[in-house]
Amino acid sequence: VQLQASGGGFVQPGGSLKLSCVASGFRLDYYSIGWFRQAPGKEREGVSCIAQSDGRTYYADSVKGRFTISRDSVKNTMYLEINNLKPEDTAVFYCAAGVACTERLGIIEFDYGMDYWGEGTQVTVSS
């Protein structure tokens with residue numbers, strides 16, 4: 001059972017990336033899934049999630065309009081498309097699966113914690 005993230009890289013400001021996260025040993029469809037990031041010297045924060053209950057997507061205020069989360073049930077893979085990258089987006093990005101997620105006061109929250117975490121993929125935004 002694992003989540004394997006990929007797609008990070010070094011990008012100039014204004015550029016785009018699409019992160020992927022492949023699940024093995026379990027079905028993403030049965031979970032709420034999401035992406036987190038941890039910038040140097042900062043706590044890990046949720047940036048986006050898809051609720052298992054109704055498929056609704058949620059975004060942290062800091063990324064609304066630039067990040068798009070999606071899921072491919074056939075490939076058992078989740079994605080995070082990031083546009084108009086900014087230097088403050090530099091972080092290690094993690095994918096995860098849990099029971100339930102939502103957005104409260106602009107912050108992504110997973111109720112009842114996470115069941116699975118993937119290894120991170122580094123995104124560096126710099127000119």
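Here the structure is a predicted model, which means the values were calculated and not measured.
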K.L.:
Could you tell me which residues satisfy side chain to side chain contact (heavy atoms under 4.5 Å, CB included) with T121, sequence neighbours excluded, listed by chain and number?
P.N.:
A5, L19, F93
K.L.:
Which atom pair, heavy atoms only, marks the closest approach of K42 to Q38?
P.N.:
O-NE2, 3.1 Å
K.L.:
Check whether any side-chain heavy atom of F67 lies under 4.5 Å from a side-chain heavy atom of V47, and answer yes or no.
P.N.:
yes
K.L.:
What are the two closest non-hydrogen atoms of L3 and A23, and how far apart are they?
P.N.:
CD2-CB, 3.6 Å
K.L.:
Going through the distances and angles, do E81 and N83 end up as a side chain to side chain contact (heavy atoms under 4.5 Å, CB included)?
P.N.:
CA-CA 7 Å; E81 188 167 359; N83 296 311; 4.1 Å; yes
K.L.:
Tell me whether the count of non-hydrogen atoms from other residues, nucleotides or ligands lying under 6.0 Å of NZ in K75 goes above 12.
P.N.:
no
K.L.:
Testing the 3.5 Å rule here: is there a donor-acceptor pair between the side chains of D29 and S73?
P.N.:
yes
K.L.:
Could you check if a side-chain atom of R71 sits within less than 4.5 angstrom of a side-chain atom of I33, using non-hydrogen atoms only?
P.N.:
yes
K.L.:
For L17 and V123: C-alpha separation, side-chain torsions, deciding distance, then whether side chain to side chain contact (heavy atoms under 4.5 Å, CB included) applies.
P.N.:
CA-CA 9 Å; L17 281 175; V123 173; 3.8 Å; yes
K.L.:
Are V1 and M114 connected, step by step, through hydrophobic side chains (Ile, Leu, Val, Met, Phe, Trp, Tyr) whose heavy atoms are closer than 4.5 Å?
P.N.:
no
K.L.:
Using side chain to side chain contact (heavy atoms under 4.5 Å, CB included) as the criterion, list what pairs up with T57, not counting sequence neighbours.
P.N.:
I50, Y59, I69
K.L.:
Shared ILVMFWY cluster between M78 and V99, side chains joined below 4.5 angstrom?
P.N.:
no
K.L.:
Flag the pair R56 and D54 as a salt bridge only when some basic side-chain nitrogen lies within less than 4.0 angstrom of an acidic carboxylate oxygen.
P.N.:
no
K.L.:
Relative to the ring of Y116, is the ring of Y31 parallel (under 30°), tilted (30 to 60°) or perpendicular (over 60°)?
P.N.:
perpendicular
K.L.:
A quick test of your reading: do over 12 heavy atoms of other residues, nucleotides or ligands sit less than 6.0 Å from CD of E119?
P.N.:
no
K.L.:
Would you say CZ of F10 has more than 12 non-hydrogen atoms from neighbouring residues, nucleotides or ligands within 6.0 angstrom?
P.N.:
yes
K.L.:
Are P87 and S126 packed together at the side-chain level, in the sense that at least one heavy-atom pair is separated by less than 4.5 angstrom?
P.N.:
no
K.L.:
May I have all residue pairs that pass side-chain hydrogen bond (donor to acceptor under 3.5 Å, both in side chains) and include part of residues 85-107, sequence neighbours excluded?
P.N.:
R37-D89, R66-D89, R104-E109, R104-D111
K.L.:
Identify the heavy atoms of G98 and F110 that sit nearest to each other, and give their distance.
P.N.:
N-CE2, 3.9 Å
K.L.:
Roughly how far, to the nearest 0.5 Å, is SG of C95 from CD of Q4?
P.N.:
8.0 Å
K.L.:
Kindly give the heavy-atom pair with the smallest separation between F26 and A97, and that separation in Å.
P.N.:
CE1-CB, 4.1 Å
